[in-house]
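Data first, discussion second: the structure below is written as structure tokens.
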Amino acid sequence: MSIQGLDMKFKDYDALLNECVNQKSLRGGQRVQAHMIKTHYHPPVYLRTRLIVLYLKCEVLSDARMVFDEMRERNVVSWTAMISGYTKSGFYSEALSLFVQMLRSGTPGVTGTYPNEFTFATVLTSCTGAHVFEYGRQIHSLIVKSPFELHIYVGSSLLDLYAKAGNIHQARIIFDGLPERDVVSCTAMISGYAQLGFDNEALELFCTLQREGMASNYVTYASIVTAISGLAAFEYGKQVHGHVLRSELSFFIVLQNSLIDMYSKCGNLTYGRRVFEKMPERTVISWNAMLAGYSKHGIGKTVVDLYNRMREENKIKPDSATLLTVLSGCSHGAMENIGLKIFDETMAEKNGVDLSVEHYGCVVDLLGRAGQLERALRFIKEMPFEPNAAIWGSLLGACRVHKNVEVGKIAGDRLLEIEPENAGNYVILCNLYASEGKWDEVRKMRELMKEKTVLKEPGKSWIEFGRTVHTFYASDRLHPRKEEIFSKVRELSDRIKAAGYSPDLSSVLYDVDEEQKEKLLLGHSEKLALAFGMMNVSEAKPIRIMKNLRICVDCHNFAKFVSKVYGREVFIRDKSRFHHIVNGMCLCGDYW
DNA sequence: ATAGGGTTAG
């Protein structure tokens, strides 16, 4: 196409620019712009905006911005296009600052440019991306006064904003208030539930909407698979996977990634690996999800093998999450030296990944697990980050296992400064002091604990059986089969006591007599779930239990004895990893 | 002409 020497007018430029946009031709746009300058043509707002849109489509933000800045006058589309350009590239604060300028713009004495439904939809996304939720709420109040409150695009990003801010209730109110629903608004609601851990609600909404004939796409499925991962609802997950395979959606990498994660979190690494191996194309997330599965199961060797394969294939570059997973996999898998070596190698690499305080935390884990507590302490003092609660907690945990009161006291004091409200910290310190017979210190800790701690999240465990997820709370008085389950726990306890089990009363926080302590221990939700599993799950199958917190020492021991005495295989997924318990032993090596 | 939802790590 040649435009030299022609007498170009609005209509011609418009046609040319349209063609460039369709072909995504950056060079074409630049030639049109050059021609305008050469022939002293002053394009109107419309044509300048078309140029901005073209440059944004070609992902050259700076060129778009240049055209934008040269405009003496702009309309809502020029503003919105520019804001959207910044939002899509993740420059949220630029986008928000433009939005403010937009409201203030206009000739003196005249009000600014008024945002429309396109502007609101995109600017809310910026607020969510930038995590400036208070700002988003202010924009919400502008929207309420505008005619666009019930617009489906605006409503979707608005409910997403509240969901991401953690206010799922408000998100649901907005969702229910929308006059119509479509895939995106429904998916935003479902993923909002899933990301905040309201997995049952996510599943319930998904089922309801499906009955209502809602269309689903791969984003919807990725979100629902995430909810299934949280519940570890293996049977349901397989069903959804089958559905995906029969649809046209199975080629989406994002969806395959979430399936890998789902199977791993259900404790079925074989299925996850099968999805992983069949992928024609992988992203770094595919690798990270697969690695995380083996890491959480404590299978360190496979973590390292897979990581080496990733580096050998040299197609996908490991990122900081990869390294974090590999280091934590080495720690869970008792491969301390290899983990430390990988850390050192990464440090030495020129353009390796960005190391965060969490990576350093993994190294503390590795050193602590290896029993090198003084070295871990030195490492913490020399690292380029301010140590946080996770770092000190990791060191303290290691000190408890290796019974090192000296270093443990240092870690504990720092930890209580940062996190005085966390009861778990006092418990570990109590255990440490008790193991050395320092009863004065134990008493001091108990008093401090009573004074400072706040109620933590209540413990709960669940197990999937007969297409239903059965949930148990500590000393569950509401469960319909409570009598039966409690007596089964008693029965298990009596039988394993004969084989050498003795309840670990020291892990009970409350100041009550020993009999009470044992009763409290027997009421732990994971024991109830285990008893339920023993009553219902066929003997040929492993019992798979999920727990929202970390498993306690006594329940861990209890499960080990049950596995030996009754010859059962037990998986317990807790907050930090999988415990795979067979014949009286756990793959975690009693370190978690 | 300009617009909304998604997967991994601890």
Side-chain angles (χ1 to χ4, degrees), chain A residues 14 17-18 21 45-54 56-57 74-85 87-88 115-125 128 148 151-161 163-164 171 175 178 182-192 194-195 216-226 229 252-262 264-265 282-293 295-296 318-329 331-332 353 356-359 361-362 365 388 390 393-394 575-577:
Chain A
D14 185 35
L17 282 177
N18 264 334
V21 169
V45 176
Y46 179 86
L47 285 183
R48 290 178 196 264
T49 305
R50 291 296 284 157
L51 259 178
I52 291 175
V53 171
L54 171 61
L56 289 176
K57 196 169 177 186
R74 303 168 185 133
N75 63 21
V76 61
V77 181
S78 356
W79 283 103
T80 305
M82 205 59 231
I83 292 171
S84 149
T87 305
K88 285 200 177 111
N116 62 16
E117 64 273 40
F118 291 75
T119 326
F120 282 130
T122 191
V123 82
L124 285 170
T125 310
T128 309
F148 311 116
H151 188 278
I152 184 115
Y153 280 42
V154 176
S156 307
S157 47
L158 198 51
L159 83 83
D160 186 51
L161 173 97
K164 296 260 160 59
F175 179 71
L178 290 175
D182 66 1
V183 206
V184 177
S185 56
C186 292
T187 305
M189 195 64 233
I190 290 170
S191 83
Q195 281 167 14
S216 302
N217 59 23
Y218 79 98
V219 182
T220 323
Y221 274 99
S223 303
I224 206 62
V225 170
T226 305
S229 307
F252 286 95
I253 297 183
V254 168
L255 187 45
Q256 293 174 329
N257 292 346
S258 61
L259 285 167
I260 295 172
D261 181 53
M262 185 270 287
S264 301
K265 287 189 175 149
R282 303 186 186 99
T283 64
V284 69
I285 294 178
S286 328
W287 288 93
N288 291 353
M290 197 67 250
L291 285 165
S295 166
K296 287 234 171 193
D319 67 3
S320 68
T322 317
L323 188 66
L324 208 56
T325 311
V326 171
L327 293 178
S328 114
S331 185
H332 286 318
V353 301
S356 67
V357 67
E358 283 84 10
H359 293 91
C362 284
D365 265 345
N388 57 21
S394 156
K575 206 172 186 180
S576 81
R577 59 168 294 155

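Remember, predicted model here, so these are calculated numbers, not experimental data. Residue numbers begin at 1 in each chain, while the letters A, B, ... track the order of the sequences.
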Answer with base, sugar-phosphate or nothing: what part of the nucleic acid does [X] contact at a heavy-atom distance below 4.0 Å?
X	result
A:Tyr218	base
A:Asn116	base
A:Lys57	nothing
A:Thr119	nothing
A:Val183	base
A:Thr226	sugar-phosphate
A:Ser223	sugar-phosphate
A:Phe252	nothing

Where the side chain of [X] is concerned, which of [options] is the nearest nucleotide?
X	options	result
A:Tyr46	B:dG6, B:dT7, B:dA1	B:dA1
A:Asp261	B:dG5, B:dT8, B:dG4	B:dT8
A:Ser157	B:dT2, B:dA9, B:dG4	B:dG4
A:Ser84	B:dG10, B:dA3, B:dG5	B:dA3
A:Lys265	B:dT2, B:dT8, B:dT7	B:dT8
A:Ala292	B:dA3, B:dG5, B:dA9	B:dA9
A:Thr122	B:dA9, B:dG5, B:dG4	B:dG4
A:Thr49	B:dG4, B:dA1, B:dA9	B:dA1
A:Glu117	B:dT7, B:dG5, B:dA3	B:dA3
A:Val53	B:dT7, B:dT2, B:dG4	B:dT2

- Message: Using modelled atom types and a 3.5 Å cut-off, is there a donor and acceptor pairing between side-chain atoms of A:Ser295 and backbone atoms of A:Leu291?
- Response: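 Not a single qualifying donor-acceptor pair exists.
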[X] side chain near [Y] side chain, heavy-atom distance below 4.5 Å:
X	Y	value
A:Trp287	A:Arg282	yes
A:Asp365	A:Ser328	no
A:Gln256	A:Ser286	no

Please tell me whether [X] and [Y] have a donor and an acceptor in their side chains that are separated by less than 3.5 angstrom.
X	Y	result
A:Ser157	A:Asp160	no
A:Ser258	A:Thr226	no
A:Asn75	A:Ser78	yes

Can you measure [X] atom [atom1] to [N] atom [atom2] for me and round it to whole angstrom units?
X	N	atom1	atom2	answer
A:Met262	B:dT8	CE	C1'	15 Å
A:Lys575	B:dA9	NZ	C1'	15 Å
A:Leu158	B:dA3	CG	P	18 Å
A:Phe148	B:dT2	CZ	P	16 Å
A:Lys164	B:dG5	NZ	P	7 Å
A:Asn257	B:dT7	CG	C1'	5 Å
A:Asp365	B:dA9	CG	C1'	14 Å
A:Ile152	B:dA3	CD1	P	17 Å

- Quick one: is A:Lys296 getting a side-chain N or O under 4.0 Å of the B:dA9 phosphate, OP1 or OP2?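 No, A:Lys296 has no side-chain N/O under 4.0 Å of OP1/OP2 on B:dA9.
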- Short side-chain N/O contact to B:dG5 OP1/OP2 from A:Gln195, under 4.0 Å: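 So the side-chain polar atoms of A:Gln195 never come under 4.0 Å of the phosphate oxygens OP1 or OP2 of B:dG5.
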Would you state whether a donor and an acceptor, one from the side chain of [X] and one from the base of [N], lie under 3.5 Å apart?
X	N	result
A:Asp319	B:dA9	no
A:Asn217	B:dG5	yes
A:Thr187	B:dG5	yes

